[in-house]
Amino acid sequence: MIDQIKGLHHVTSMAEDARTNNHFFTNTLGLRRVKKTVNFDAPDVYHLYYGDETGAPGTIMTYFPFPKMAQGRPGTGEVGTTVFSIPQGSSGFWSDRLGKLGVTGIKAEETFGERRLNFAGPDGDGFALVEVKDDARLPWTQGGISEDHAIRGFHSVAMRLRDDGATSELLKFMGYEVQEERDGVKRMTIPGGNGAHLIDLETMPNISRALPGAGSVHHVAFAVENRAKQIEVRKALMDTGYQVTPVIDRDYFWAIYFRTPGGVLFEIATNEPGFDRDEDTAHLGEALKLPEQHQHLRGLLEQHLLPLEG
Ligand code: ZN
């Protein structure tokens, strides 16, 4: 077992329309856009990052908006629900707000002793807000949502699996332990985690594999403090038999990826260097930022990529 992982780092999903996506996260949910860049592997597509003031690990929702992409078909082998933490007593506010703004799929429920509000994103993305008592993380409040209500970061992700055996073994190896099992859902946690340290495993033996598309989670990334710890994790995973990519420079963090037995793509990402490496914290997410290898495309991309606002 390894102890370098402290919870989620980011969740990356796909969307159909960049402007709709930007509006939903910055306006409807009140998160801060902390980076406007491109998909490093397909630079004609945006890569948009939303989170708290600095884009702290455990708060970062990221999107690749692929114009005209068809919606995915939910199923097993994917993250089915991405869950954010909100303050205790704030789910009524959110239910009203999301309803007024035309958000679909709003459903309040109580699970694991927590008040929870499920809802759908613009592409049918599975989301929920869960009331958490005393989440110490500071929210971004300049998105128009007060501190009493604002999102603190991720609470968890829920993975839908045909069988949770191999995935829960992997998560145990990664430092998670089973906290509770309820109604066919196994909740796993990292003691001393970063606030975004819960994972729910939903077993659905008779549901077919998901077909990825807009509204689907592409991968889920786990946080390690620095590159040295990432190398340790990579070695431990490879010694256990996982096929892990080399370390890849994503400008704002370093990344390694591997496919898990349940079908979900995992990433391990470093907390360093962070989103202020190429712009001031006061202006995060405002200018189009390109990695060195795509700088020569700036003129073309500025014409091709549609404005997010206005
Ligand atoms: Zn990633």
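Each ligand, and each atom within it, is numbered from 1 in the order the structure gives.
Relative orientation of the Tyr257 and His219 rings is perpendicular, given thresholds of 30° and 60° on the angle between their planes. Using a 30° and 60° split on the angle between ring planes, His10 and Phe253 fall in the tilted class, from 30° to 60°.
Counting only distance, with no hydrogens or angles, the side chain of Arg33 and the backbone of Gly285 share a donor-acceptor pair below 3.5 Å.
Applying side chain to side chain contact (heavy atoms under 4.5 Å, CB included) to Ile231 and the options Ile256, Val247, Val224 leaves one that passes, Val247. Test Asn27, Asn22, Asn21, Thr28 against Phe25 for side chain to side chain contact (heavy atoms under 4.5 Å, CB included) and you get one pass: Asn21.
Put simply, the side chain of Met238 does not reach to within 4.5 Å of the side chain of Phe258, judged on heavy atoms.
Residue-and-atom listing of protein N/O/S atoms under 2.8 Å from the Zn ion (ligand 1), sorted by chain and number: His10 NE2, His219 NE2, Glu267 OE1.
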